[in-house]
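So the structure is just underneath, and the comments pick up after that.
A, B, ... follow the sequence lines: proteins, then strands. Residue 1 opens every chain.
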Protein chains: 2
Amino acid sequence: MNNGRFSIAIHILTLLARAGDEWLSSEYLAGSVNINPVLVRKEISNLRRNGLIISKEGKNGGSRLAKPAEKILLSDVYQAVRQASLLGQNKNNPNPDCPVGRQINTHLDQLYLEAENAMVTKLNQTTLADFSKKFA
Amino acid sequence: MNNGRFSIAIHILTLLARAGDEWLSSEYLAGSVNINPVLVRKEISNLRRNGLIISKEGKNGGSRLAKPAEKILLSDVYQAVRQASLLGQNKNNPNPDCPVGRQINTHLDQLYLEAENAMVTKLNQTTLADFSKKFA
DNA sequence: TGTACTGTAATAAAAAACATTACAGAATGA
DNA sequence: TCATTCTGTAATGTTTTTTATTACAGTACA
């Protein structure tokens with residue numbers, strides 16, 4: 001599930017959801033996630049590319065949600081993180097002389113897609129607003 | 001989804017499913033998967049622990065399915081691989097002084113569990129026999 | 001025009017995955 | 001019985017991936 005990146009993205013977005021129209025700095029976000037600010041900026045860059053947040057440069061700058069938390073699905077977050085990281089998966093090179101080895105990647109890809117779809121359908125049922133309501 | 005291990009496990013099991021009551025050596029299996037035999041033996045060791053295959057030591061030894069492929073669900077394979085690798089996940093240490101950081105792991109764990117369940121439910125619908133029928 | 005930010009590249013360090021070597025022990029069968 | 005062919009596993013090395021750090025140009029504000 002690409003746990004690491006997804007966790008960071010959700011964490012960032014939850015903080016932004018709770019901050020409303022405030023601009024939060026990458027330094028501040030990094031402080032809560034407890035990772036390096038540059039990593040946060042990279043993930044922000046990705047989330048921005050995917051239309052989930054907007055950023056303001058310069059003094060008093062930072063990031064905020066691009067749209068209401070009610071309109072952001074956790075599956076949107078998943079897709080954003082997945083896109084950037086899942087391209088060019090299949091690292092394994094099974095033996096092409098074996099009837100199983102020759103075909104297995106095709107069948108595995110299909111299986112993974114189906115399994116992933118089931119997961120995404122689930123993530124599709126929760127908005128960022130729902131998720132961030134869980135915090136006191 | 002712990003892609004690598006799962007792929008290897010499915011590959012091995014598919015080969016065993018097609019081999020019927022023959023004992024296949026780790027060397028042979030490794031040849032089709034195209035990885036080191038020791039890795040295969042490690043995965044076999046895990047699958048055996050989970051009751052999916054049995055092995056025979058010594059000359060003419062090897063491995064075979066512990067039960068008919070019809071009775072092995074892909075979710076069984078997933079669970080076997082997951083167990084061995086997912087223990088002690090949560091590597092991130094969010095800031096405990098932040099209301100979000102303090103609670104996020106709990107909520108993320110729950111979310112992952114739900115998402116994973118959706119996936120497992122899907123994997124639950126395919127047997128190893130179904131999967132291996134796909135090969136010519 | 002100094003200060004506080006973002007954006008991004010380049011590099012380094014740490015962690016995880018994977019490969020290799022080595023060897024003890026088990027079963028077989030000549 | 002003993003050479004052979006396997007498994008099982010530990011120890012170690014290599015490669016890949018992830019994460020962290022440093023550095024600095026550019027932007028906006030006051």
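From A:Leu113, atom CG reaches atom NZ of B:Lys122 across 10.5 Å, with rounding to the nearest 0.5 Å. We find the CD-CG distance between A:Gln79 and A:Leu74 to be 12.0 Å, quoted to the nearest 0.5 Å.
Between A:Ser25 and C:dA4, a side-chain N or O to OP1/OP2 separation shorter than 4.0 Å is absent. The side chain of A:Ser45 places no N or O atom within less than 4.0 Å of a non-bridging phosphate oxygen (OP1 or OP2) of C:dG7. Look at B:Arg48 and you won't find any side-chain N or O under 4.0 angstrom from OP1 or OP2 of D:dT7.
Counting non-hydrogen atoms of other residues, nucleotides and ligands closer than 6.0 Å to NZ of A:Lys134 gives a total above 12.
Per the geometry, CD belonging to A:Glu43 stands 12 Å off P belonging to D:dT18, to the nearest Å. Rounded to whole Å, atom C1' of C:dT6 lies 14 Å from atom CD1 of A:Ile54. For the pair A:Asn46 CG and C:dG7 P, the interatomic distance rounds to 13 Å; values are reported in whole Å. Following rounding to the nearest Å, B:Trp23 (CH2) and C:dA27 (P) show an atom-to-atom distance of 12 Å. If you take CG of B:Leu24 and P of D:dC6, they are 12 Å apart, rounded to a whole angstrom. Rounded to an integer number of Å, the gap from CD of B:Glu27 to C1' of C:dA19 is 14 Å.
Evaluation of the side chain to side chain contact (heavy atoms under 4.5 Å, CB included) rule for B:Tyr28 yields B:Leu24, B:Ser25 as partners, not counting sequence neighbours.
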Show me the side-chain donor-acceptor pairs of residues 10-23 of chain B shorter than 3.5 Å, one per line, residues at least two apart or across chains.
residue	atom	partner	partner atom	Å
B:His11	NE2	B:Ser32	OG	2.9
B:Thr14	OG1	B:Ile10	O	2.7
B:Arg18	NH1	B:Ala136	O	3.4

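Residue-level contact check: A:Ser26 touches the backbone only, with heavy atoms under 4.0 Å from sugar-phosphate atoms and none from bases.
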Using a 4.0 Å heavy-atom cut-off, write out nucleotides 20-30 of chain D from 5' to 3' as B (base contacted by protein), S (sugar-phosphate only) or - (no contact).
SBB----BBB-

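In this structure, A:Phe6 and A:Tyr78 have perpendicular ring planes: the angle between them is above 60°, well past the 30° mark.
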